[in-house]
4 protein chains.
Amino acid sequence: MPKISDERRAARRLQILEAAWRCFQRQGLHATTMDDIIREAGLSAGAVYSYFPGKEALILAAVTDSLGGIRDLVAPALATRPLPAPDVLAGRIMQAVADFSTREGYDLRRIALLGWSEAQRNEPLRQTMRDFYLPFRDALEAAAAQWQASGQLRPGSAAPDVARAILAAVLGYVVQSAVLGDVEPEEIARGIRALGAA
Amino acid sequence: MPKISDERRAARRLQILEAAWRCFQRQGLHATTMDDIIREAGLSAGAVYSYFPGKEALILAAVTDSLGGIRDLVAPALATRPLPAPDVLAGRIMQAVADFSTREGYDLRRIALLGWSEAQRNEPLRQTMRDFYLPFRDALEAAAAQWQASGQLRPGSAAPDVARAILAAVLGYVVQSAVLGDVEPEEIARGIRALGAA
Amino acid sequence: MPKISDERRAARRLQILEAAWRCFQRQGLHATTMDDIIREAGLSAGAVYSYFPGKEALILAAVTDSLGGIRDLVAPALATRPLPAPDVLAGRIMQAVADFSTREGYDLRRIALLGWSEAQRNEPLRQTMRDFYLPFRDALEAAAAQWQASGQLRPGSAAPDVARAILAAVLGYVVQSAVLGDVEPEEIARGIRALGAA
Amino acid sequence: MPKISDERRAARRLQILEAAWRCFQRQGLHATTMDDIIREAGLSAGAVYSYFPGKEALILAAVTDSLGGIRDLVAPALATRPLPAPDVLAGRIMQAVADFSTREGYDLRRIALLGWSEAQRNEPLRQTMRDFYLPFRDALEAAAAQWQASGQLRPGSAAPDVARAILAAVLGYVVQSAVLGDVEPEEIARGIRALGAA
DNA sequence: GATGAATGAGTCTTCATTCAT
DNA sequence: AATGAATGAAGACTCATTCAT
């Protein structure tokens, strides 16, 4: 039989990954069985296993790709020049995550929670996450340095602290939104702004 | 054996719950088998099942009790008078969580992540969390109202927004700490303070 | 502590046995747990085990006692003199079983089915049943001999065959009644009578 | 493995069902473990569970199929024309049951007892049995009407009563045979004949 | 390349029985 | 004598993965 084209292979891979996303988000990582994913993808067990060596790999790929998706969505906000004020930037990042989440069938916030949880005991996944969040925080730190230079931060403050605070706000927005469900990016942004006191 | 005293019963219950905590934190909620917990508790299967009707209940109890533990630790910070400035209060709350986590064998931050993840598809657990976080956020809102009254917030800001922002910072600290591991409460607090610009 | 009186012991035994009857009839032999019986009897596990060595013994005792109960109820019918005609006698026996079954909480027919089933793989129980049914059939055989002598049976017939046929009718009534539930002793009796053709 | 043919699927199903029959008959319904059946069938647990959703279904299928087997064996006796006399018909029906029972490894009489017992607390099974016995009794009633018409029953008798009496005899034969083991269809038939008195 | 039937180790849970108090 | 907490050996069922066709 003729080899399948690379293009077809990539499409198949994505088909499986999206099926996995839908299942993971619906039922969680562990409650999702390979059979669920196989059926959702409309393929055979053998087919799925020829694209991914196992469930672990599927989880890792699903999370990695999600993370990649966010990176692409968040990057523009970070690259905006002139750099928006801290509260505005944070708001835009959170909004990007929220927008990504409204995509048909994937609520990124839910997947993020599942991934964080899983990363506690899944070393490759943990590493993947570090590889995503650390550069992201570094980018925030660079932004903080600019704010500092332009006098938008309290004098004597440290860029790493600011980066950590803003990252916390973003991650915390995701948790709050997934668990309580009644928070908007704009509210958090306004709250941050409010803290910038008299 | 004759009827066991209420005190002994409670001690046994705690013995099992602590074993479950240790296991959950080590291996995650689903990767932990009842057998793991049973062995860790040093009891028999039947004994464990006579205190908890099943794994689900054990998960719920573990998370609920953890949450209760935090509440007790965090309450003093919220009750401090005069009320500390926003960044100081947030720092104290995060510090309380961090302190709780150093207790022998339970890292509360890890359990929190597991719980948030599980709450996505476990309705009783989700409700338990709402019952914990909502009043906590209300308390933050009350604090925000005081800050407003004393002119510590930017004029025209809304207390609910501030409460959401601070809750996000605290939750985000937990995520960042669990996933990246290189964040201290103090750093986030300083970062928040830094945002309170000129 | 003073020894319990024999009378009290017997009362306790009966209390347990009746609890077992009710449970067995409600849930079947195997679906009934010792705990069900213990709770139904309102005693402690230890108490029940001090009267019966185990579940097996409880089953055997429950069935044996049921059988004894029938024997006592059926005996008068067999002893009636002058001996009633075959269909009348069969009707009276079935009626006795039906009457016994209306006693509060024990439907003997149900217990009979459970016992027959269990006897397939429980040798002591099987033996107990043989010890009950064989003498009963012998008594029927004696009756048949009398019917023969008084010309109430077709000439040339054998008393053992008649005894087997009547026993079959009685047992079959129990089955039919338990499984289909719409049969009365009187109907079977009339049916037997109808067979005594021209 | 590619898709299995319907034929092979049916063969596998039967293989499992026959294994279950053998186990049930040997050890009873509840004392038979799924593991027993799995080993007897020479398959894996997963294979068995892919053909039957659980033990309950296996019990129901085993009994249902047994019942179907009898129906097929008994039907010819009921269809014989000219219709045999009541005692002869009853004898043939019982003989059909006895013949069925000598088949390698399945004693239908034992399975019948197990099924009756189980039907007490298993509603689907109970319904299956009603669906089998009721039409069978109806067929007997039709036969009784013919006997009546041809003057083979005592004048004034009712066909439903006769049907009930013959069904009782057949069921009772099964019980007597399973519990006491020393009864032949012919004996019961002769006994019934003997009751047709002078 | 693809299929999906089969595998079997592993999971949660139950329950008859015991025995320290 | 009585209690009822504790035991632990099963039991039913699941599911990631493989491989014959």
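Treat the numbers as computed from the prediction; the structure is a model and nothing was measured. Chain A is the first sequence line, chain B the second, and so forth, proteins listed ahead of strands; every chain is numbered from 1.
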Side chain of [X] (C-beta onward), nearest among [options]:
X: D:Ser50; options: E:dA6, E:dC12, E:dA2; result: E:dA6
X: C:Tyr49; options: F:dA12, E:dT17, E:dA6; result: E:dT17
X: D:Ala45; options: F:dT14, E:dA2, E:dA6; result: F:dT14
X: D:Ser44; options: F:dA6, F:dA16, E:dT7; result: E:dT7
X: C:Thr33; options: E:dA16, F:dA12, F:dT7; result: E:dA16
X: C:Met34; options: F:dA16, E:dT17, E:dC12; result: E:dT17

| said: If you count every heavy atom of other residues, nucleotides or ligands that lies below 6.0 Å from D:Glu123 atom CD, does the total exceed 12? | reply: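 Counting neighbours around CD of D:Glu123, more than 12 heavy atoms of other residues, nucleotides or ligands fall under 6.0 Å, so yes.
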
| task | Would you kindly compare C:Gly46 and B:Ile38 by the position of their nearest DNA chain E nucleotide and give the one closer to the 5′ end? | result |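 Nearer the 5' end of the strand: B:Ile38.
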
| task | Could you say whether B:Glu56 or C:Thr32 is positioned toward the 5' end of DNA chain E, judged by the nucleotide with the nearest heavy atom to each? | result |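 Upstream on the strand: B:Glu56.
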
| said: Could you tell me the Watson-Crick or G-U partner of F:dC19, where both distances fall under 3.5 Å? Say none if there is no partner. | reply: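 E:dG4 - that is the nucleotide pairing with F:dC19, both distances being under 3.5 Å.
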
| message | My understanding is that a pair needs two contacts under 3.5 Å, Watson-Crick or G-U wobble. By that rule, which nucleotide pairs with F:dT14? | response |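 Per the H-bond distance test, E:dA9.
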
| message | Please give the distance between the C1' atoms of E:dG1 and F:dT21 as a whole number of Å. | response |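 These two C1' atoms come out 13 Å apart once rounded.
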
| field | B:Arg12 side chain near F:dA6 phosphate (N/O to OP1/OP2, under 4.0 Å) | value |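 Result: yes.
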
| At under 4.0 Å between heavy atoms, what does B:Ser5 touch on the DNA or RNA strands: base, sugar-phosphate, or nothing? |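 The answer is nothing, as B:Ser5 stays clear of every strand by at least 4.0 Å.
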
| said: What's D:Phe52 touching, base or sugar-phosphate or nothing? Going by heavy atoms closer than 4.0 Å. | reply: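 Counting heavy atoms under 4.0 Å across all strands, no contact is made by D:Phe52.
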
With no hydrogens and no angle check, is any side-chain donor or acceptor of [X] less than 3.5 Å from a backbone partner on [Y]?
X: A:Thr32; Y: A:Cys23; result: yes
X: B:Ser66; Y: B:Ala62; result: yes
X: A:Asp36; Y: A:Thr33; result: yes

| task | Map D:Gly54 and B:Leu43 onto DNA chain F by nearest heavy atom, then report which one ends up closer to the 5' terminus. | result |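 Nearest-nucleotide comparison on DNA chain F picks B:Leu43.
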
| message | What's the separation between atom CZ in B:Arg26 and atom CH2 in B:Trp21, rounded to the nearest 0.5 Å? | response |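 Answer for the CZ-CH2 pair, B:Arg26 versus B:Trp21, is 14.5 Å.
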
